Amino acid sequence: MTKHLKGIAASDGIAVAKAYRLIEPDLSFETKKVTDIDAEVARLQAALEKSQSEIEAIRDVALENLGPKEAQVFEAHLMVLGDPELVGQVKATIESNASNAESALKEVTDMFIGLFESMTDNPYMQERAADIRDVTKRVLANLLGVQIPSPATIREEVIVVAKDLTPSDTAQLNRQYVKGFITDIGGRTSHSAIMARSLEIPAIVGTGTVTADVQQGDLLIIDGLDGNVFVNPDEETVAEFETKAKNFADQKAEWEKLKNEKTITKDGKHFELAANIGTPKDLKGVHANGAEAVGLYRTEFLYMDSAEFPTEDEQFDAYKAVLEGMDGRPVVVRTMDIGGDKELPYLELPKEMNPFLGYRAIRISLDREDMFKTQLRALLRASVYGTLRIMFPMIATLQEFRAAKAVLENVKSELLSEGVAVADNIEVGIMIEIPAAAVLAHQFAKEVDFFSIGTNDLIQYTMAADRMNEQVSYLYQPYNPSILTLIKHVIDSAHANGKWAGMCGEMGGDQMAVPLLVGLGLDEFSMSASSILKTRSLMKKLDTADMKVLADKAVNECTTVDEVIALVEEAVSQL
Ligand code: PEP
Ligand code: MG
């Protein structure tokens with residue numbers, strides 16, 4: 001019988017494919033005595049060999065998709081597997097204790113891990129401990145006959161089912177085979193959802209139970225337009241969704257026609273429609289969807305996709321590639337926003353009770369000036385290859401902005417004195433994503449060149465509702481009059497000081513919010529590339545004077561989210 005699940009629609013599109021469970025297997029085992037020692041050693045040997053060929057396959061895929069640096073970690077894993085000392089000790093333990101291979105493996109590797117981890121001032125040994133832990137898991141899985149899923153090696157069309165996806169899981173998904181994903185937890189602005197939109201595959205998050213309700217190989221329909229999942233659907237349901245998928249494809253083809261047009265409203269006003277990107281590779285989607293600029297380059301992925309801090313030259317190459325790729329059109333590069341749900345293993349951040357309220361983004365950059373300076377040097381060196389705008393994330397106070405700007409000025413003088421060319425028209429702005437900055441926007445506007453409103457965080461901090469937590473998603477609403485009031489104050493403050501205001505949070509591409517934002521006078525809209533063409537199509541139908549009346553009404557008269565939605569729906573239905 002068809003089972004139906006509902007979640008949060010996080011990325012458009014419809015797909016039908018088999019389920020691939022990306023879930024850590026149960027690796028528990030019993031410690032047992034064995035009588036046939038030779039057979040046990042042979043069992044270990046077979047598991048080692050199988051692990052070796054699996055790791056080699058993953059390394060090859062990583063090499064091809066991600067590059068030599070990212071593949072290095074798997075080379076390290078192969079070294080562990082081939083280490084005669086370690087493997088010899090596991091075999092010796094089987095022989096001396098007559099114990100099963102699982103327990104001998106665990107006993108020996110635990111000893112090595114403990115030893116290396118105790119060398120706390122030696123990062124190299126700490127990394128070896130992590131390698132041994134990973135390899136042990138794989139060998140154990142092979143001894144137990146269970147599979148460790150590895151998304152990089154998927155070679156058939158699937159829909160990935162997981163509790164949650166880390167940014168590095170998502171980075172490994174190959175669009176050719178992965179037709180969508182569904183998770184237990186998360187919200188529309190969790191990073192897995194944002195990545196799904198840049199991969200342009202359907203995604204549904206926050207179902208609560210998909211990992212419990214779906215088995216490996218079940219046939220799934222994922223409807224990313226409405227947040228519906230069907231498990232083992234009957235033929236009738238499959239046919240219904242094939243039609244829906246076709247209609248969506250036709251709709252997309254209509255939007256495609258707007259690819260090379262500017263974004264002009266019915267009354268002839270131009271708005272800049274920009275794209276959010278995470279890596280230079282995303283430029284393909286930016287061009288395919290006709291974006292006029294890059295409104296947010298999230299540079300933290302450069303740090304997260306790497307096993308160690310990216311060097312100044314590596315960063316320079318990435319920034320230059322994006323600036324050149326945009327051919328003179330503006331590129332807003334945000335300095336590193338690590339922390340929150342974006343971890344960086346080699347930075348060894350302490351575990352925090354509330355990572356979203358903790359040590360992150362500009363707070364780290366101002367504390368770790370060495371890292372910050374490296375990034376700014378790379379950015380300024382790249383500035384001559386296009387139109388660079390620099391943006392600082394998570395600014396709460398003017399002191400922070402002034403301190404960050406001072407480091408930037410400092411780095412600029414250093415480069416100039418070294419004879420390095422730096423563009424002299426670089427705008428420097430901030431994300432408005434902390435309510436404190438939104439409230440004081442009229443003061444910030446005197447000192448910054450631009451604002452970009454980060455609603456993903458601004459909403460969670462204003463409503464005190466975690467953006468990842470589906471249980472409080474009823475509070476996490478962009479159309480709340482409190483949010484609209486803050487946004488209005490930010491835009492008005494920018495304009496009163498001759499500055500521009502953009503938005504790079506997901507609200508900027510939200511079709512219900514766009515009429516309101518046009519009415520509030522937002523200058524630039526930056527969104528997942530996949531939302532650009534439908535937003536352009538919508539904006540062509542809007543009249544700015546009418547939208548101003550609509551937005552004023554929403555801000556001044558509406559008291560609830562429902563009232564705002566009703567107001568916008570009524571206005572949109574008359575377009
Ligand atoms: C935001 O907070 O709106 C934003 C764009 O930043 P991120 O989603 O990377 O936190
Ligand atoms: Mg943010």
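Hydrogens, waters and symmetry mates are skipped; everything else that's a heavy atom, side chains included, is used. Order of appearance sets the numbers: ligands from 1, and atoms from 1 within every ligand. FYI, the numbering just counts along the sequence from 1. Note that the structure is a prediction, hence the values are computed from the model and not measured.
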Could you list which atoms of ligand 1 come closer than 4.0 Å to a heavy atom of Lys342? 9 (O)
Is it true that Glu292 and Arg536 have a side-chain N and a carboxylate O under 4.0 angstrom from each other? yes
Nearest non-hydrogen atom to atom 10 (O) of ligand 1 belongs to which of Arg298, Arg467, Met507, Gln460? Arg467
One thing to verify: whether Glu261 and Lys540 come together as a salt bridge, which I'm taking to mean a side-chain N less than 4.0 angstrom from a carboxylate O. yes
Which N, O or S atom of Glu433 lies nearest to the Mg ion (ligand 2), by name: OE1
When you look for heavy atoms under 4.0 Å from ligand 1, do you find them on the side chain of Met394, its backbone, both, or neither? neither
Give a yes or no on whether Asp457 keeps an N, O or S atom under 2.8 Å from the Mg ion (ligand 2). yes
For Thr455, atoms of ligand 1 separated by under 4.0 Å from a heavy atom: 3 (O)
May I ask you to decide whether Asp457 forms a salt bridge with Arg360, counting only side-chain N to carboxylate O separations under 4.0 Å? yes
Can any side-chain N or O of Asp226 pair as donor or acceptor with the backbone N or O of Asn228 at less than 3.5 Å? no
Between Arg381 and Asp313, does any NZ, NE, NH1 or NH2 come within less than 4.0 Å of an OD or OE carboxylate oxygen? yes
Cys504: numbered ligand 1 atoms lying under 4.0 Å from its heavy atoms: 5 (C)
Please state which part of Met431 comes within less than 4.0 Å of ligand 1, counting heavy atoms only: side chain, backbone, both or neither. side chain
Taking only non-hydrogen atoms of Leu296 and a 4.0 Å limit, the atoms of ligand 1 in range are 5 (C)
So does Asp12 pair up with Lys252, basic N to acidic O under 4.0 Å? no
Check this for me: does any side-chain nitrogen of one of Arg298 and Asp337 sit under 4.0 Å from a carboxylate oxygen of the other? no
Heavy-atom proximity to atom 3 (O) of ligand 1, best of Asn456, Ile459, Leu458, Ile194: Asn456
Aromatic ring pairing Trp500/Phe450, orientation class (parallel under 30°, perpendicular over 60°, tilted between): parallel
One finds that the ligand 1 atoms under 4.0 Å from a non-hydrogen atom of Glu433 are 1 (C), 2 (O), 6 (O)
Among protein heavy atoms, which lies nearest atom 6 (O) of ligand 1, and at what distance? Arg334 NH1, 2.9 Å
